[in-house]
2 protein chains.
Amino acid sequence: MSLDVASLAHSMRDRLPPKHDAGWTLGISRPEAMAEPAEKAARHLDLPARQTILDEGDEARSLHVILEGSVMLSKLLPDGRRQIIELLGPGDVFGLCINRLSDVTAETVLPSRIVVYDRAVAESSPSLQRLVADRMKAQICALHDHAMLLGRKNAVERVATFLMRLVPNRGGQGCAGPLAAGKADQAQVHVTLTRQEIADYLGLTLETVSRAFSLLKRQGVLAYGRHDDVTIGNVCRLCQCTGSH
Amino acid sequence: MSLDVASLAHSMRDRLPPKHDAGWTLGISRPEAMAEPAEKAARHLDLPARQTILDEGDEARSLHVILEGSVMLSKLLPDGRRQIIELLGPGDVFGLCINRLSDVTAETVLPSRIVVYDRAVAESSPSLQRLVADRMKAQICALHDHAMLLGRKNAVERVATFLMRLVPNRGGQGCAGPLAAGKADQAQVHVTLTRQEIADYLGLTLETVSRAFSLLKRQGVLAYGRHDDVTIGNVCRLCQCTGSH
DNA sequence: CGGGATGTTGAATATGATCAATGAGCGTGG
DNA sequence: CCACGCTCATTGATCATATTCAACATCCCG
């Protein structure tokens with residue numbers, strides 16, 4: 001079954017930015033739509049935005065692969081504090097856990113197409129295994145970066161990092177030190193998360209996120225009318241605000 | 001090659017606690033020492049404590065498997081802020097990255113025995129692939145938990161969570177709500193990290209970590225003379241301090 | 001046009017960071 | 001063996017940053 005999936009994964013991987021490629025495609029249009037593998041034993045989900053796929057604690061024996069859209073993974077503490085753990089995009093996988101219970105809640109951010117493979121099927125397919133291994137490596141790297149953000153960065157650095165990751169092909173290798181002066185370096189990003197969701201992702205409150213946006217706007221690093229369409233005047237200037245460069 | 005590795009990995013997995021099993025064995029003696037797979041194309045490292053294995057940015061094409069001891073993965077920001085990302089133990093893997101460069105620094109915490117497989121070798125061995133996939137799943141779960149800790153928990157909750165994870169078979173499923181009263185529920189843990197390292201792991205300063213320890217001691221939750229030998233009077237009481245229960 | 005959800009801004013507060021002094025443990029060498 | 005110096009930990013006082021509480025503004029949808 002399915003050399004489809006493997007080749008798919010490889011071609012995707014090659015197109016993605018070299019680092020931070022674990023789902024950082026939120027709101028970025030991806031014109032090359034992924035071909036859909038036609039496999040039996042695979043359920044297909046076609047979901048609207050903000051739809052729960054899996055709850056923390058649910059039985060989770062199957063492999064979910066995102067074909068289109070984006071999914072967020074989150075966890076709750078008993079008193080209601082929430083942390084959004086990962087933001088995933090096309091090619092990313094979720095739903096597998098070492099025990100049979102999901103450790104996170106998964107819900108769509110955008111309308112999404114997802115393939116669900118039975119655990120046994122996933123484990124018997126070398127090409128799927130390969131896809132899963134590659135994606136998990138990428139997700140681990142993303143989680144490493146995120147741990148650094150949550151543990152050591154201040155509010156503005158967190159928001160700047162978040163925005164940088166919405167800019168395709170930047171923030172990883174692309175931005176090597178201060179860019180050659182005089183180069184116009186604009187970018188337009190679409191922020192699909194609410195301030196509350198961004199806050200839950202960055203380990204802040206929504207007010208603090210809002211203040212960080214306002215500060216960056218006041219400093220001329222960002223411009224926006226509607227809260228969700230942000231223009232980054234100078235990408236490298238924003239990059240300087242992330243604390244990573 | 002090596003049904004050794006696969007069977008090894010499976011037997012280990014079965015012995016480990018069901019959740020949080022990605023390396024939470026720091027300082028816990030593990031009497032059943034792992035058999036060492038006798039494979040060509042595998043380099044063996046025998047390292048003292050606090051030895052750097054791999055630097056952030058180093059070429060990292062090979063798979064490292066920990067046989068004995070423990071390893072910490074960390075990242076630095078340009079201004080010197082450090083975050084310890086993961087603490088790994090026997091059975092855990094590291095050194096593989098989606099690009100060819102390591103995204104983290106790896107160094108031993110305890111004297112450690114490590115096998116290093118060439119990337120090509122690792123990728124051609126189904127049993128190693130299997131080990132890697134299983135371990136990565138466990139590490140991803142641990143990273144999810146840690147993101148929750150870093151993003152949403154306060155200082156005492158972080159320290160309590162850290163200590164709970166040093167108690168074998170607890171903190172995961174084991175501790176279901178308030179334990180039956182009157183049950184003696186002591187545990188002795190050995191803290192191998194310095195306060196500074198704990199701080200870098202928990203996203204705090206060493207002073208804050210010290211204060212949290214002192215507070216828990218003053219409340220009678222902990223007792224210790226030397227800083228590194230901690231007695232937990234009532235494990236469930238400590239568990240209550242983690243914010244997770 | 002109105003109402004609910006979402007976002008912004010301000011003032012007071014709390015939590016952890018920073019700066020600083022002191023103390024305990026340990027290995028080395030007189 | 002003890003004194004010295006080093007590292008590591010504790011504790012206190014002050015400060016900074018993010019949180020909390022609250023009022024108000026804006027956007028979107030019916």
Side-chain angles (χ1 to χ4, degrees), chain A residues 27 48-50 77 79-84 109 149-163 189-219 221-230 241 243, chain B residues 27 48-50 77 79-84 109 149-163 189-219 221-230 241 243:
Chain A
R50 321 286 151 165
L77 290 179
D79 63 3
R81 282 174 284 177
R82 179 172 75 155
Q83 179 67 37
I84 294 176
V109 177
L149 178 146
L150 292 173
R152 292 301 181 208
K153 290 189 177 182
N154 67 29
V156 170
E157 289 170 337
R158 292 181 200 207
V159 169
T161 305
F162 172 74
L163 287 169
V189 301
H190 189 74
V191 181
T192 36
L193 301 182
T194 65
R195 296 288 188 260
Q196 179 63 64
E197 288 168 334
I198 297 171
D200 286 346
Y201 183 54
L202 299 179
L204 301 169
T205 60
L206 81 168
E207 294 95 330
T208 301
V209 170
S210 184
R211 280 184 241 274
F213 268 92
S214 299
L215 181 65
L216 289 168
K217 189 182 189 180
R218 213 173 319 126
Q219 295 178 334
V221 180
L222 303 179
Y224 56 92
R226 290 178 43 185
H227 342 287
D228 56 350
D229 276 317
V230 177
C241 300
Chain B
R50 321 286 152 166
L77 290 179
D79 62 3
R81 283 175 283 178
R82 179 172 77 153
Q83 179 68 37
I84 294 176
V109 176
L149 178 147
L150 292 172
R152 291 301 181 207
K153 290 189 177 182
N154 67 30
V156 170
E157 289 170 337
R158 291 181 201 207
V159 169
T161 305
F162 171 73
L163 287 170
V189 300
H190 190 76
V191 180
T192 35
L193 301 182
T194 66
R195 297 287 188 260
Q196 179 63 65
E197 288 168 335
I198 297 171
D200 285 347
Y201 183 55
L202 300 179
L204 301 168
T205 60
L206 81 168
E207 293 95 331
T208 301
V209 169
S210 184
R211 279 185 241 273
F213 267 93
S214 300
L215 181 65
L216 289 168
K217 189 183 189 180
R218 213 172 320 125
Q219 294 179 335
V221 180
L222 303 180
Y224 56 92
R226 289 179 44 187
H227 342 288
D228 55 350
D229 276 318
V230 177
C241 300

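In what follows, chains carry the letters A, B, and so on, assigned in the order in which the sequence lines appear, proteins first and then strands, with residues in each chain numbered from 1.
A close approach under 4.0 Å does not occur between any side-chain nitrogen or oxygen of B:T208 and OP1 or OP2 of C:dG16. Phosphate contact (OP1/OP2 of C:dA24, side-chain N/O of B:R226, threshold under 4.0 Å): absent. Under 4.0 angstrom from either OP1 or OP2 of D:dT26 there lies no side-chain N or O belonging to A:Y224.
Protein atom CG of B:D229 is 15 Å distant from nucleotide atom C1' of C:dA24, rounded to whole Å. Between B:L206 atom CG and C:dT18 atom P the separation is 11 Å, expressed in whole Å. The CG atom of B:L204 sits 14 Å away from the P atom of D:dA9 (whole-angstrom rounding). The CZ-P distance, from A:R50 to C:dA5, rounds to 15 Å in whole Å. In this structure, B:Q196 places its CD atom 11 Å from C1' of D:dA9, rounding to the nearest Å. Distance, A:R218 CZ to C:dG10 C1': 12 Å, rounded to whole Å. Per the geometry, CZ belonging to A:R152 stands 13 Å off P belonging to C:dG16, to the nearest Å. Put simply, CG on A:L202 is 18 Å from P on D:dT17, counting in whole angstrom units.
Panel note: side chain B:E157, backbone B:C241; no donor-acceptor pair is recorded below 3.5 Å. In this structure, B:R158 contributes its side chain and B:L202 its backbone to a donor-acceptor pair below 3.5 Å. A donor-acceptor contact shorter than 3.5 Å is absent between the side chain of B:R195 and the backbone of B:L206.
Put simply, the side chain of B:E207 and the base of C:dC19 share a donor and an acceptor less than 3.5 Å apart. With hydrogens and angles left out, the side chain of B:R211 and the base of D:dG12 share a donor-acceptor pair within 3.5 Å.
Stem regions for DNA chain C, each three or more consecutive Watson-Crick or G-U pairs with both distances under 3.5 Å and listed by first number, read C:1-30 with D:1-30.
Listed candidates were D:dT19, D:dC27, D:dA9. Nearest to the side chain of A:T205 is D:dT19.
Among the heavy atoms of the strands lying under 4.0 Å from A:S210 is at least one base atom, whether or not backbone atoms are also near.
Ranked by how close their nearest DNA chain D nucleotide is to the 5' end, A:K153 and B:R195 are led by B:R195. Ranked by how close their nearest DNA chain D nucleotide is to the 5' end, A:N154 and A:G225 are led by A:N154. When each of B:V209 and A:S214 is assigned the nucleotide of DNA chain C with its nearest heavy atom, A:S214 is the one assigned upstream, toward the 5' end.
Scanning all heavy atoms of the two residues, the minimum distance from B:R152 to A:D200 falls at NH2-OD1, 2.9 Å.
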Inset, instruction - Go through the steps to decide whether B:K153 and A:L77 satisfy the test side chain to side chain contact (heavy atoms under 4.5 Å, CB included), and finish with yes or no. - result: CA-CA 9 Å; B:K153 290 189 177 182; A:L77 290 179; 4.1 Å; yes
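Residues passing the side chain to side chain contact (heavy atoms under 4.5 Å, CB included) test with B:E197, sequence neighbours excluded: B:R50, B:M72, B:R82, B:I84, B:L193, B:T194.
Considering OG of A:S210 and CG of A:L204, their distance stands at 12.0 Å, rounded to 0.5 Å.
Sorted pairs that involve residues 201-216 of chain B and meet salt bridge (Lys or Arg N to Asp or Glu O under 4.0 Å), not counting sequence neighbours, are lacking altogether.
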